[in-house]
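This is a predicted model, so every value here is computed, not measured. When a ligand or atom number is given, it counts from 1 through the structure's own listing order.
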Amino acid sequence: MNKRTFLKLLAMLVSNRVVSPMFAWATGDRLTNWAGNLVYGTDRLYSADSLQQVRNYVKKESSLKVLGTRHCFNNIADSRYNLLSLKPMDEVVELDTHAATVTVGAGITYGQLSPYLHSKGFALHNLASLPHISVAGACSTATHGSGEKNGNLATAVSGLEFVTAAGDLVKLSRQQDRETFQGAVVGLGAVGVITKLTLDIQPTFMMQQYVYENLPLDEVKGHFDAIESSAYSVSLFTDWQKQRMNEVWIKSRVENRRSFAAGPTFFGAKLATKNLHPIAELSPENCTEQMGVPGPWFERLPHFRMGFTPSAGKELQSEYFVPRQHAVEAILAVERLRDLIGPTLMISEIRTVAADNLWLSPCYKQPCVTIHFTWKQDWPAVSKLLRVIEKELAPFNARPHWGKLFNTSPVALKSIYEKLPDFIELSTKYDPHRKFRNEFLNKNIFGR
Ligand SMILES: Cc1cc2nc3c(=O)[nH]c(=O)nc-3n(C[C@H](O)[C@H](O)[C@H](O)COP(=O)(O)OP(=O)(O)OC[C@H]3O[C@@H](n4cnc5c(N)ncnc54)[C@H](O)[C@@H]3O)c2cc1C
């Protein structure tokens, strides 16, 4: 199928508004992830609506994995035995305006939480490209948005409650349990079943979003820092063709009436005259409002709107975190592969993320640039390409996104995550008999 026909078909699929009830997850009679590229290893799915139920299921089963909103592209959430959903535990437990924190049940999504916070006068510091994902699942994989000064979503976590393999409830806080806490937040589902999270909040704010088209690659080479620091959150979208970034998405806070001064050009790119989808051929109906129209933070920080299919739908994703100082070199290394990756790629996105101190965060102690790939759903082709891309990015110690597709070897992962041995010790303490492990964890973390 040529690219034009492919995009036309995709446009028809994406334009359908989706309302997906909780358990309308199955393709045929099998349970799948969101993208449909993974059939989970079991259809045995429990649903817990209370802490007691979680404890009962954990005690009853010898092997159990928690499913969030199923938006990972690999088998990180998979189980051959039992899956547990905490979707019914999606309440706001406490809004502490004095401490500027909100405590939520682990089943809540950002799409549910954000409008609530805004209605109470509060905001989160950042969001991913889509609001559809669960807070617990997103933080467990170090999901991120963009912004030089913005840590990933897990950096907002200040408290965590989880059920251990023995069925005990553990409460950790950033203030009191420093090291253990830093190890447990990005837990990849290996430490325990998270039942509650406490997140830092701040006064609500308004944002504007502008999109520019055709940013010359030479400008990226010469002015990457200035481009990325020009606003609160900046994303570059590219198909790597024609020596340019197809689109630049600039999200700025409207504060004291001062905001990003949107001129007709931005480092040689031209201000868009209509809303755009990151894949320009697709309808922007699914995307958050652009053209500088002010709106609340949760309707501008994500690229995609709640209630609509995010991204393209039928796709695969992979992403690599490169230490910030190698940003331009790494971008140019991928750009040199343009002819190879072009036929399988839908779009790439380049973002920046601030450093943090969460052990398994790809931004542990290092600010990063992230290079993301939305691929056609062709795993044999993607798999080959990932090997080539990973070879090119290896000199920069690139770390793959935990929730997306990668081929990075367990040996390489060990060498680029200095806290991996401590994480193994920590998760073994709470799960000595490997109840929460699965193939993904056995291969990539525990080396079995
Ligand atoms: C269209 C699309 C756009 C995306 N955009 C971004 C983006 O902008 N930035 C980014 O970084 N990522 C992005 N992702 C990736 C995605 O957000 C992450 O992979 C995220 O982890 C998905 O959360 P989930 O709740 O669906 O997790 P799931 O896939 O359901 O689970 C992920 C992990 O969390 C664990 N988990 C979930 N809940 C719990 C719990 N209560 N206790 C313990 N462990 C738990 C699971 O066991 C598993 O290990 C995108 C994905 C899609 C499909």
Query raised in the report: Quick check: are there more than 12 heavy atoms from other residues, nucleotides or ligands sitting under 6.0 Å from NZ of Lys414?
Result: no
Query raised in the report: Purely on distance, is any nitrogen or oxygen of Cys72 under 3.5 Å from one on ligand 1?
Result: yes
**Report entry** ligand 1 contact on Ile194 by region, counting heavy-atom pairs under 4.0 Å
**Finding:** both
Query raised in the report: Do any nitrogen or oxygen atoms of Glu315 lie less than 3.5 angstrom from nitrogen or oxygen atoms of ligand 1?
Result: no
Requested in this report: Work out whether the distance between some heavy atom of Ala35 and some atom of ligand 1 is less than 4.0 Å.
Outcome: no
Requested in this report: For side-chain contact (heavy atoms from CB on, under 4.5 Å), just list the numbers for His132 and Thr69, CA-CA rounded to whole Å, side-chain angles, deciding distance to a tenth of an Å, and then say yes or no.
Outcome: CA-CA 8 Å; His132 309 58; Thr69 39; over 6 Å; no
Query - ligand 1 atoms in contact with His144 (distance to a heavy atom under 4.0 Å) - result: 7 (C), 8 (O), 9 (N), 10 (C), 11 (O)
Report task. Look at atom 17 (O) of ligand 1 and find which of Leu153, Ile133, Asn152 reaches it with the closest heavy atom. Result -> Ile133
Requested in this report: Please name the residue in the list Leu405, Ile76, Asn33, Asn74 that meets the side-chain contact (heavy atoms from CB on, under 4.5 Å) test with Leu38.
Outcome: Asn33
Query raised in the report: Counting only heavy atoms not in Lys196, do more than 12 fall under 6.0 Å of its NZ?
Result: no
Query raised in the report: Do you see a donor-acceptor pair shorter than 3.5 Å between the side chains of Glu61 and Asn82?
Result: yes
Query raised in the report: Is there a heavy atom in Phe440 that sits closer than 4.0 Å to ligand 1?
Result: no
Requested in this report: Look at Asp378 together with Lys384 and state whether they make a salt bridge at an N to O cut-off of under 4.0 Å.
Outcome: no
Requested in this report: Could you walk me through whether Leu301 and Asn126 pass the side-chain contact (heavy atoms from CB on, under 4.5 Å) test, one step at a time?
Outcome: CA-CA 7 Å; Leu301 282 169; Asn126 210 357; 3.5 Å; yes
Query - Proximal atoms of ligand 1 relative to Leu188 (non-hydrogen, under 4.0 Å) - result: 49 (O)
**Report entry** Which of the ligand 1 atoms, numbered from 1, are nearer than 4.0 Å to a heavy atom of Ala106
**Finding:** 41 (N)
Query raised in the report: With a 4.0 Å cut-off on heavy atoms, is Gly192 touching ligand 1?
Result: yes
Query - For Val193, the ligand 1 atoms whose distance to one of its heavy atoms is below 4.0 Å - result: 42 (N)
Query raised in the report: Does Trp402 have its ring centroid less than 6.0 Å away from the ring centroid of Tyr417?
Result: yes
Query raised in the report: Taking both backbone and side-chain atoms of Glu319, is any N or O found less than 3.5 Å from an N or O belonging to ligand 1?
Result: no
Query raised in the report: Purely on distance, is any nitrogen or oxygen of Val66 under 3.5 Å from one on ligand 1?
Result: yes
Report summary line: Honestly, for Val191 the part within reach of ligand 1 (heavy atoms, under 4.0 Å) is neither
Query raised in the report: Who's closest to atom 48 (C) of ligand 1 heavy-atom-wise, of Ala77, Ala48, Ala154?
Result: Ala77
**Report entry** Leu360 side, atom CG; Gln182 side, atom CD - distance, nearest 0.5 Å
**Finding:** 12.0 Å
Query raised in the report: Heavy-atom contacts under 4.0 Å between Phe304 and ligand 1: side chain, backbone, both, or neither?
Result: neither
Requested in this report: Before signing off on this row, confirm whether Gly137 and ligand 1 have an N or O atom pair separated by under 3.5 Å.
Outcome: yes
Report task. With heavy atoms only and a cut-off of under 4.0 Å, state how His71 meets ligand 1: side chain, backbone, both or neither. Result -> both
Query raised in the report: Under 3.5 Å between some N or O of ligand 1 and some N or O of Gly68?
Result: yes
Query raised in the report: Are side-chain heavy atoms of Leu441 and Phe436 found at a separation under 4.5 Å?
Result: no
Report task. Could you tell me which atoms of ligand 1, counted from 1 in the order shown, lie closer than 4.0 angstrom to a heavy atom of Gln317? Result -> 1 (C), 2 (C), 3 (C), 4 (C), 50 (C), 51 (C), 52 (C)
Query raised in the report: Would Arg434 count as a cation-pi partner of Phe446, with NZ or CZ less than 6.0 Å from the six-membered ring centre and within 45° of the ring normal?
Result: no
Requested in this report: Take every heavy atom of His303, measure it against each atom of ligand 1, and state whether any distance is under 4.0 Å.
Outcome: no
Query - For Val92, the option from Leu117, Thr103, Val102 that meets side-chain contact (heavy atoms from CB on, under 4.5 Å) - result: Val102
Query raised in the report: Between NZ of Lys87 and CD1 of Ile108, what distance do you get to the nearest 0.5 Å?
Result: 8.0 Å
Query raised in the report: Taking atom 25 (O) of ligand 1 as the point of reference, which of Ser134, Ser235, Ser140 owns the nearest heavy atom?
Result: Ser134
Query raised in the report: In terms of the angle between their ring planes, are Phe321 and His401 parallel, tilted or perpendicular, with boundaries placed at 30° and 60°?
Result: tilted
Query raised in the report: Is the shortest N/O to N/O distance between Ala128 and ligand 1 below 3.5 Å?
Result: no
Report task. Please work out whether any backbone atom (N, CA, C, O) or any side-chain heavy atom from C-beta onward of Thr141 is under 4.0 Å from ligand 1, and answer side chain, backbone, both or neither. Result -> side chain
Query raised in the report: What part of Trp402, side chain from CB on, backbone N/CA/C/O, both or neither, has a heavy atom under 4.0 Å from ligand 1?
Result: neither
Query raised in the report: At the 4.0 Å heavy-atom cut-off, does His372 count as touching ligand 1?
Result: no
Query raised in the report: Among Thr374, Thr195, Thr143, whose heavy atom sits nearest atom 20 (C) of ligand 1?
Result: Thr143
Query raised in the report: What do you reckon, does Arg351 have a nitrogen or oxygen under 3.5 Å from a nitrogen or oxygen of ligand 1?
Result: yes
Query raised in the report: Would you say Gln52 has more than 12 foreign heavy atoms packed within less than 6.0 Å of its CD?
Result: yes
Query - Given Trp249, Phe266, Phe237, the one that forms ring-ring contact (aromatic ring centres under 6.0 Å, His included) with Tyr212 - result: Phe266
Report task. Identify the residue among Glu390, Arg399, Glu392 that makes a side chain to side chain donor-acceptor pair (under 3.5 Å) with Tyr320. Result -> Glu390
Query - Phe73: numbered ligand 1 atoms lying under 4.0 Å from its heavy atoms - result: 51 (C), 52 (C), 53 (C)
